[in-house]
Structure formats: C-alpha cells, structure tokens
Q: 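This is the structure, below, for whatever I ask next.
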There are 2 protein chains.
Amino acid sequence: MLTIGELSRATGVKIPTIRYYEQMGLMAAAERSGGNQRRYEPQDRDRLSFIKHARDLGFTIEAIRELLELSAHPERPCADADTIAIRQLQIVRNKIAKLRPLEKELERIAACCHGDSIRDCYVLQSLANHDMCVSEH
Amino acid sequence: MLTIGELSRATGVKIPTIRYYEQMGLMAAAERSGGNQRRYEPQDRDRLSFIKHARDLGFTIEAIRELLELSAHPERPCADADTIAIRQLQIVRNKIAKLRPLEKELERIAACCHGDSIRDCYVLQSLANHDMCVSEH
DNA sequence: ATCTTTTTCTCCAGCTACTATAGCTATTAT
DNA sequence: ATAATAGCTATAGTAGCTGGAGAAAAAGAT
Ligand SMILES: [Zn+2]
Ligand SMILES: [Zn+2]
Ligand SMILES: [Zn+2]
Ligand SMILES: [Zn+2]
C-alpha cells in the first residue's frame with residue numbers, strides 16, 4: 001500500500017497530476033484510508049508508469065486511455081495499438097516538419113541584422129514582410 | 001476603412017482572433033461605426049500582418065507585444081529586438097531537440113511490433129518499460 | 001420602403017494538460 | 001500531547017485561440 005506521495009516519488013508524476021489523472025478516468029478512483037486519504041496498490045504504480053512513459057512520448061490523454069483499454073483485453077489483436085503508435089509518430093514528424101522551416105527563417109532573421117537602430121532592424125523588417133522569407137511556413 | 005471581415009480576409013486572421021488581439025492589447029481598440037461596428041485603417045492591416053507573421057514564426061503574444069513597442073521608437077538601438085529573435089530561435093531549436101528522440105523511439109516502437117495479440121504487442125510492452133528505450137526523453 | 005441575407009456585436013464557455021493556491025484534516029514522529 | 005509533514009477538496013489560472021447564443025446592423029434585392 002502506497003500513499004499518493006510515495007506513488008509520486010516512485011513514478012515521477014506530481015501529486016496534483018495523479019489526482020488529475022484520476023479525475024480524467026485514466027487512473028481508477030483509489031481506495032481510501034479511514035481518514036479519506038488515497039492508498040495505492042503496486043499495480044497502480046505500473047499503470048501510472050505506463051501513463052507517464054506514454055505522456056513523455058507525447059501521446060495525448062485520449063490516446064493513452066485507448067491504449068489502456070486495449071491492454072485490458074490480452075486476447076484481441078494488437079492492430080489498434082500499433083495504429084495509435086504510428087499515428088503518434090506521424091504527429092511528431094509533423095511537428096518537426098513544421099518547426100524546421102521556422103528554424104531556418106529565424107536563423108536568417110537573427111543572423112542578418114547588422115543595423116543599430118530600430119528603423120533599420122532586419123528582424124523587424126522581416127517580421128513585417130513575409131516576402132523576405134525563403135520558405136512558406 | 002475596412003470592416004473586421006475585410007481585415008480578416010486581407011490578413012488571414014480569423015475574426016474572433018482579431019477581437020482577441022484587441023482584448024490582449026496587441027491591436028488598439030478600433031474606431032467604431034455609428035452602429036458600434038469596428039472600422040480599421042490601412043495601418044491596422046499592416047500591424048495585424050506583422051502580428052500574424054510573428055505568430056506563424058512561433059513568437060508568443062508577449063514577445064510580439066515587446067516587438068511592437070520597440071517598433072514605436074525608431075531611434076533606439078535594435079539590440080532588444082535582435083535578442084527576442086535569438087531567444088525565439090533557441091526556443092524552436094529546443095523544441096526540435098526534444099522531438100527528435102521521441103521520433104526515434106516511436107519509429108522503433110511502431111516498426112518493431114510483429115505480434116498479433118495485445119499480450120505480445122511490442123508497442124504496449126515498450127510503453128510499459130522505459131528500459132527498452134534507446135534514448136532518454 | 002420593405003424584405004431577406006449576411007455580417008457584426010457582446011458575453012461566455014470550452015479546448016489541453018496540467019499547476020497553484022486556500023483552508024482544512026490526517027498521519028507520523030518525538 | 002504536540003509539532004511537523006502530508007493529504008484532502010474545490011476553484012482558478014496558464015496560452016492562444018475557437019465556437020455558440022441571441023441580438024443588432026448593414027447590404028442587396030425587389
Ligand atoms: Zn536588429
Ligand atoms: Zn515568413
Ligand atoms: Zn502490436
Ligand atoms: Zn522511454
């Protein structure tokens with residue numbers, strides 16, 4: 001039996017976040033002590049570690065909810081779980097693909113300013129005029 | 001004189017977003033028609049285009065507010081504006097640096113599952129066990 | 001001048017995934 | 001018994017919008 005603080009230290013998930021996950025239905029409502037404090041079993045720690053790892057990899061709460069539901073049916077095919085992972089990979093690749101042109105433009109913008117007054121500032125001129133940009137973004 | 005809809009079409013910024021920017025103090029409170037509708041001048045369109053471009057490049061509202069305030073003083077040195085752009089470049093690079101390991105892990109996780117049942121699913125096993133990961137993340 | 005359609009108005013709620021109070025109670029250590 | 005630590009609920013705040021309700025204004029057609 002773990003207190004919420006012990007569970008927090010064991011998983012690296014902050015206490016308010018654990019309560020939030022309970023509210024969101026990712027974690028079952030915990031058993032309570034006589035004084036109404038949450039008490040956890042070891043398997044709760046495993047579940048929370050799973051959630052944390054998935055969150056660290058960027059899965060949304062909703063995706064994690066689906067993954068956890070799938071886990072509850074070991075006999076079923078795993079295609080749905082694989083699909084969720086592939087979708088998440090695409091999401092991450094998409095984010096990178098959107099950030100790279102920004103990086104390029106910002107490199108140019110930050111490197112090219114040799115003006116000394118606001119009037120001549122290449123940064124401000126670039127922001128005012130997308131035509132100076134090399135890429136769409 | 002532009003209506004809010006015309007300004008929206010001219011800049012690609014949605015109408016509720018324009019009102020939101022006004023509320024946030026990025027856009028000055030617009031003049032009103034007799035019937036209390038917003039009317040804009042051409043320079044409002046320039047300002048909004050600047051805001052949109054900066055937002056597209058990922059600058060926060062707060063950073064944009066600072067950039068706009070700097071623009072109002074053409075005589076001053078532009079070092080502060082340059083610093084804001086460099087900071088934004090670092091923010092973008094940081095985001096990419098955090099996403100790349102996720103992409104790697106997700107590639108592995110999504111590619112390696114050859115199980116057919118949830119019980120053997122490599123995706124779910126990987127999420128349950130960070131030790132299977134190649135990188136920290 | 002009237003009718004209809006489109007546009008705009010304000011206010012408010014919701015989105016994601018937490019995080020941070022405030023005010024109170026339970027548990028533990030000495 | 002007392003003090004220190006830990007936990008409870010409820011609510012509000014974060015960033016940057018986005019959508020809806022219900023009413024009023026403007027524009028176009030007849
Ligand atoms: Zn400059
Ligand atoms: Zn641009
Ligand atoms: Zn699988
Ligand atoms: Zn991992």
Q: Out of C:dA17, D:dA26, D:dG16, which has the shortest distance to the side chain of B:Arg39?
A: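 Comparing C:dA17, D:dA26, D:dG16 against the side chain of B:Arg39, the answer is D:dA26.
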Q: Closest approach to the side chain of B:Gln37, judged atom by atom: which nucleotide of C:dC9, D:dG7, D:dG16 is it?
A: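 Minimum distance to the B:Gln37 side chain belongs to C:dC9.
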Q: Find the distance A:Glu62:CD to C:dT16:P and express it as a whole number of Å.
A: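 A:Glu62 atom CD is separated from C:dT16 atom P by 8 Å.
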Q: In whole Å, what is the span from the CD atom of B:Glu22 to the C1' atom of C:dT8?
A: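 About 13 Å, once rounded to whole Å.
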Q: Quick one: A:Ile18 CD1 to D:dA6 P, roughly how many Å, whole number?
A: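 It works out to 14 Å between those atoms.
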Q: Pick base, sugar-phosphate or nothing for A:Arg19, based on heavy-atom distances below 4.0 Å to the nucleic acid.
A: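 A:Arg19: base contact, heavy atoms under 4.0 Å.
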Q: Whole angstroms only, please: what is the OH-P distance between B:Tyr40 and C:dC9?
A: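 Atom OH in B:Tyr40 sits about 7 Å away from atom P in C:dC9.
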Q: Would A:Ser117 and B:Glu75 count as having a side-chain donor-acceptor pair, cut-off 3.5 Å?
A: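 Short answer, no.
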Q: Take atom CD in A:Glu31; do more than 12 heavy atoms of anything else shown fall under 6.0 Å from it?
A: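 Counting other residues, nucleotides and ligands, CD of A:Glu31 stays at 12 neighbours or fewer.
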Q: Any side-chain N or O of B:Thr17 under 4.0 Å from OP1/OP2 of D:dG16?
A: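 For D:dG16, neither OP1 nor OP2 has a side-chain N or O of B:Thr17 closer than 4.0 Å.
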Q: Ignoring hydrogens and geometry beyond distance, is a side-chain donor-acceptor pair present between B:Gln43 and B:Arg45 at under 3.5 Å?
A: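 B:Arg45 and B:Gln43 do not have a side-chain donor-acceptor pair below 3.5 Å.
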Q: Which of the following nucleotides, C:dT27, C:dT8, D:dC17, is nearest to the side chain of B:Ile15?
A: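 Closest of the options to the side chain of B:Ile15: C:dT8.
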Q: Rounding to a whole Å, what distance do you find between B:Met24:CE and D:dC17:C1'?
A: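 For the pair B:Met24 CE and D:dC17 C1', the rounded distance is 10 Å.
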Q: Determine: side-chain N/O of B:Arg38 to OP1/OP2 of C:dC9, distance under 4.0 Å, yes or no.
A: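 Answer is yes, contact under 4.0 Å.
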Q: Quick one: label A:Tyr21 by what it contacts on the DNA or RNA (base, sugar-phosphate, nothing), any heavy atom closer than 4.0 Å.
A: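 Contact class for A:Tyr21: sugar-phosphate only.
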Q: Can you check whether A:Arg32 has a side-chain N or O nearer than 4.0 Å to OP1 or OP2 of D:dT9?
A: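 True: A:Arg32 side-chain N/O within range (under 4.0 Å) of D:dT9 OP1/OP2.
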Q: Among C:dA17, D:dC17, D:dC8, which is the nearest nucleotide to the side chain of A:Tyr20?
A: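 Shortest atom-to-atom distance from the side chain points to C:dA17.
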Q: Does C:dT27 have its OP1 or OP2 closer than 4.0 Å to a side-chain nitrogen or oxygen of A:Thr3?
A: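 No, outside the criterion.
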Q: D:dG16 C1' sits how many Å from B:Leu57 CG, rounded?
A: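 Whole-Å distance recorded here is 16 Å.
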Q: Taking atom types as modelled and ignoring hydrogens, do the side chains of A:Ser49 and A:Asp46 form a donor-acceptor contact shorter than 3.5 angstrom?
A: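 A:Asp46 and A:Ser49 do not have a side-chain donor-acceptor pair below 3.5 Å.
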Q: I want to confirm an ordering. Mapping B:Gly35 and A:Phe59 to their closest nucleotides on DNA chain C, which one lands closer to the 5' end?
A: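 Going by which nucleotide is closer to the 5' end, it is B:Gly35.
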Q: If you define the side chain from C-beta out and look only at heavy atoms, does anything of B:Ser126 sit under 4.5 Å from B:Arg108?
A: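 Heavy-atom side-chain distance check passes, below 4.5 Å.
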Q: With a 4.5 Å limit on heavy-atom distance, are the side chains of A:Lys104 and A:His137 in contact?
A: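 A side-chain contact is absent here, since even the closest heavy-atom pair is not under 4.5 Å.
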Q: Measure the distance from CG on A:Leu2 to C1' on D:dA6 and round it to the nearest whole Å.
A: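 It is 15 Å, rounded to the nearest whole Å.
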Q: D:dA26 phosphate, OP1 or OP2: any side-chain N/O from B:Ser33 under 4.0 angstrom?
A: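 Result: yes.
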Q: Within this structure, what is the NZ-to-P distance between B:Lys14 and C:dT7, rounded to whole angstrom?
A: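 From B:Lys14 NZ to C:dT7 P: 16 Å.
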Q: Quick one: on DNA chain D, does B:Thr60 or A:Arg9 contact a more 5' nucleotide (nearest heavy atom)?
A: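 Result of the comparison: A:Arg9.
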